[in-house]
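One structure below.
For this chain, numbers begin at 1 and follow the sequence in order.
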Amino acid sequence: MEAPPNFGRDYIEAFHKVYPALAKQYQVPLVPFLLQGVAGSETLNQRDGIHPTAPARGLWPTMCGPS
């Protein structure tokens, strides 16, 4: 997840520390950004520019790494 830029630098920096800390605490793998390679792609996002399209869903297993 990414924090919206309009929330301010302090919030964004704190937000970016939450998921790595939780992954370490619960000893689970960390997926830094689930939409890496999808976010910003006109063909993989709906017209709103935020939500992924159906074809993008097929990419998620490969973006999350081996199970």
Side-chain angles (χ1 to χ4, degrees):
M1 294 291 299
E2 289 292 324
N6 62 320
F7 280 30
R9 180 186 209 106
D10 291 342
Y11 181 90
I12 292 170
E13 288 177 6
F15 185 90
H16 282 177
K17 293 176 184 177
V18 170
Y19 290 102
L22 288 170
K24 183 177 180 179
Q25 178 180 346
Y26 292 100
Q27 300 176 6
V28 296
L30 174 67
V31 178
F33 185 48
L34 182 62
L35 295 175
Q36 185 70 37
V38 172
S41 169
E42 289 184 21
T43 59
L44 296 175
N45 283 278
Q46 296 180 34
R47 284 183 281 176
D48 65 6
I50 299 171
H51 298 95
T53 59
R57 289 193 313 245
L59 300 174
W60 289 344
T62 60
M63 293 186 297
C64 292
S67 54

Can you list every pair that meets salt bridge (charged side-chain N to carboxylate O under 4.0 Å, His left out) and has a residue in residues 10-20, with sequence neighbours left out?
-> R9-E13
Name the atoms and distances for all side-chain donor-acceptor pairs under 3.5 Å in residues 37-44, with sequence neighbours left out.
| unit_1 | atom_1 | unit_2 | atom_2 | d |
| --- | --- | --- | --- | --- |
| S41 | OG | T43 | N | 3.4 |
| S41 | OG | T43 | OG1 | 3.2 |
| S41 | OG | L44 | N | 3.3 |

Test side-chain hydrogen bond (donor to acceptor under 3.5 Å, both in side chains) applied to D48 - qualifying residues, sequence neighbours left out | H51
Partner residues of Q46 under the side-chain hydrogen bond (donor to acceptor under 3.5 Å, both in side chains) criterion, sequence neighbours left out | none
From L59 atom CG to L35 atom CG, the distance as rounded to the nearest 0.5 Å = 10.0 Å
Show the atom names and distances, to 0.1 Å, of all donor-acceptor pairs under 3.5 Å that link a side chain in residues 18-28 to residues at least two apart or in another chain.
none

Heavy-atom nearest pair, A3 first then Y11, reads CB-CE2, 3.9 Å
Residues that P29 engages under side-chain contact (heavy atoms from CB on, under 4.5 Å), provided they are two or more places apart = none
